[in-house]
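Because the structure is a prediction, the values reported are computed rather than measured.
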Amino acid sequence: MPELPEVQTIASQLKKEILGLTILGVWSDWPKTLQVVSHKDHLKIKKTKKLVKASELKKLYKVFCDDVIGKKIKNVSRIGKNIIIHLSDEHVILVHQKLSGHLLFSEWDIINNVPISKKKGVLNDKVNGYIHLIFYLSGGKMLALSDLRKFAKVISGPKKEIFSLSDIANLGPDPFDKNFTFEKFKRRVKNKKGKIKTVLLNQEVLAGIGNIYADEILWVCKIHPLTPTEKISSVKLKKMYNEMKEMLRFSIKIGGDSMSDFRNIYGEKGKFQKYHKVYQKKGEACTRCKAKIERIKVGGRSSHYCPKCQQAAC
DNA sequence: ACTAGCCCCTGGGAGC
DNA sequence: TGCTCCCAGGGGCTAG
């Protein structure tokens with residue numbers, strides 16, 4: 001699933017491909033993916049949750065189109081696990097890919113209305129086929145969202161308003177932020193009571209870590225996922241801070257993690273899944289001590305760990 | 001302040 | 001073979 005390295009991979013690649021292009025049109029067969037902030041219907045739809053009337057979706061779709069069509073793409077950035085596409089006139093599009101969403105960039109065969117892939121086999125990869133949103137771009141290009149589970153969210157609106165949404169405003173610091181020192185990391189983790197795994201996944205503590213990297217970081221640091229934050233020594237925290245940054249940097253370098261549905265904007269897999277030590281390795285031998293990897297539930301999420309070298313006491 | 005549980009979805013695996 | 005049931009998983013939300 002897309003976590004910091006995967007989202008960074010997408011953002012960096014988009015930056016190379018779509019800057020300066022204009023959005024010419026929007027298509028969607030699942031408009032529930034879309035949200036807007038500059039319209040009262042946004043609130044209405046959020047509140048109704050389950051039953052969204054077709055007429056409301058139609059209105060929302062129209063506002064979304066008004067927000068983005070005819071706009072030029074000025075920049076692409078990442079905040080936590082969110083991709084921000086900056087448009088002319090201070091509007092932005094926020095994309096959160098959630099579990100199975102990923103953005104695909106391609107040329108577009110306008111005559112036959114199909115994407116033209118640069119790479120062979122990409123269109124045969126099943127996970128690239130669940131396309132529910134397309135931005136038609138100038139120059140015969142397209143940007144599509146493939147999302148098997150339809151959990152992804154795409155929100156348009158004025159930059160100021162989007163950045164004040166809880167999706168962005170409540171996020172903790174980015175692990176790669178220059179100001180995110182060890183002292184800051186330590187303070188934020190220690191201020192949160194609870195299990196370390198839950199705290200690592202909490203995007204308000206720090207933004208970008210998800211289930212895969214949390215499990216892998218805890219294994220490297222030999223910390224049991226259920227360890228209360230107050231029981232973790234400064235030495236261990238320091239190691240966690242360093243290992244986390246190194247792991248994320250390494251994963252970005254090799255294109256992220258494609259254990260599940262993640263693909264980059266060209267539809268290609270990343271390689272981090274080849275380096276997993278515990279995630280989805282239940283029953284396999286720990287590469288450090290040969291004990292069998294176990295899986296437990298922590299805060300509703302599955303957690304993988306080595307019962308021998310990740311002891312609860314620190 | 002924290003936790004447990006539900007919801008959103010669908011492919012895939014298990015069981016019959 | 002084919003049917004039904006159940007589950008994962010990020011994050012928002014509510015109830016306890």
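For B:dT3, the OP1/OP2 oxygens have no side-chain nitrogen or oxygen of A:Lys193 closer than 4.0 Å. Residue A:Lys150 places at least one side-chain N or O closer than 4.0 Å to OP1 or OP2 of B:dT10. Regarding contacts with the backbone of C:dG11, every side-chain N or O of A:Lys98 stays at 4.0 angstrom or more from both OP1 and OP2. Residue A:His96 places none of its side-chain N or O atoms closer than 4.0 Å to OP1 or OP2 of C:dG10. Considering only side-chain N and O atoms, A:Gln203 lies under 4.0 angstrom from the phosphate OP1 or OP2 of C:dG11.
Here B:dT3 presents its C1' atom at 15 Å from CG of A:Leu201, a figure rounded to the nearest Å. The distance from atom CD of A:Glu204 to atom P of B:dA1 is 11 Å, rounded to the nearest whole Å. With rounding to whole Å, A:Asp261 atom CG is found 14 Å from C:dG10 atom C1'. Per the geometry, CG belonging to A:Leu99 stands 11 Å off C1' belonging to B:dT10, to the nearest Å. Rounding to whole angstrom units, CG of residue A:Asp167 and C1' of C:dC13 are separated by 13 Å. Between A:Glu230 atom CD and B:dA1 atom C1' there is a gap of 13 Å when expressed in whole angstrom units. Remark: C1' of B:dG11 and CG of A:Asp125 are 14 Å apart, rounded to the nearest angstrom. Look at NZ on A:Lys153: it is 8 Å from C1' on B:dC8, rounded to the nearest Å.
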Could you list the donor-acceptor pairs under 3.5 angstrom formed between side-chain atoms of residues 284-292 of chain A and any protein atom two or more places apart in sequence or on another chain?
| from | atom 1 | to | atom 2 | distance (Å) |
| --- | --- | --- | --- | --- |
| A:Arg288 | NH1 | A:Trp219 | O | 3.0 |
| A:Arg288 | NH2 | A:Trp219 | O | 2.8 |

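A:Asp147 comes within 4.0 angstrom of no nucleic acid atom, judged by non-hydrogen atoms across all strands.
Remark: A:Val127 pairs with A:His102, A:Asp125, A:Asp261, A:Arg263 by the side-chain contact (heavy atoms from CB on, under 4.5 Å) rule, at least two apart or across chains. Take A:Ile254 and apply the side-chain contact (heavy atoms from CB on, under 4.5 Å) test, not counting sequence neighbours, and it matches A:Phe250, A:Lys271, A:Phe272, A:Tyr275.
Between the side chains of A:Lys153 and A:Thr33, no donor-acceptor pair is found at a separation under 3.5 Å. With no hydrogens or angles considered, a side-chain donor-acceptor pair links A:Glu294 and A:Tyr305 at under 3.5 Å. Under 3.5 Å, the side chains of A:Asp147 and A:Ser100 contain a donor-acceptor pair of N or O atoms. A side-chain N or O of A:Lys197 and one of A:Asn211 form a donor-acceptor pair less than 3.5 Å apart.
Across C:dG10, B:dA4, B:dG11, the shortest atom-to-atom separation from the side chain of A:Lys195 is found for B:dA4.
Note that the NZ atom of A:Lys159 and the CG atom of A:Leu87 stand 11.5 Å from one another [nearest 0.5 Å].
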List, with names and distances, any nitrogen or oxygen atoms from the protein found under 3.5 Å away from nitrogen or oxygen atoms belonging to nucleotides 5-8 of chain C.
| from | atom 1 | to | atom 2 | distance (Å) |
| --- | --- | --- | --- | --- |
| C:dA8 | OP2 | A:Lys297 | NZ | 3.3 |

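When each of A:Arg301 and A:Asn191 is assigned the nucleotide of DNA chain B with its nearest heavy atom, A:Asn191 is the one assigned upstream, toward the 5' end. Both A:Lys126 and A:Trp30 lie near DNA chain B, and the one whose nearest nucleotide falls closer to the 5' end is A:Trp30.
Taking five base pairs at each end of the helix from B:dC2-C:dG16 to B:dC16-C:dG2, the local helix axes there meet at an angle of 50°, rounded to 10°.
Annotation: ring pair (Phe, Tyr, Trp, His ring centres under 6.0 Å) contacts involving residues 142-179 of chain A, sequence neighbours excluded, are absent.
A:Lys236 places a side-chain N or O within donor-acceptor distance of the main-chain N or O of A:Lys222, the cut-off being under 3.5 Å.
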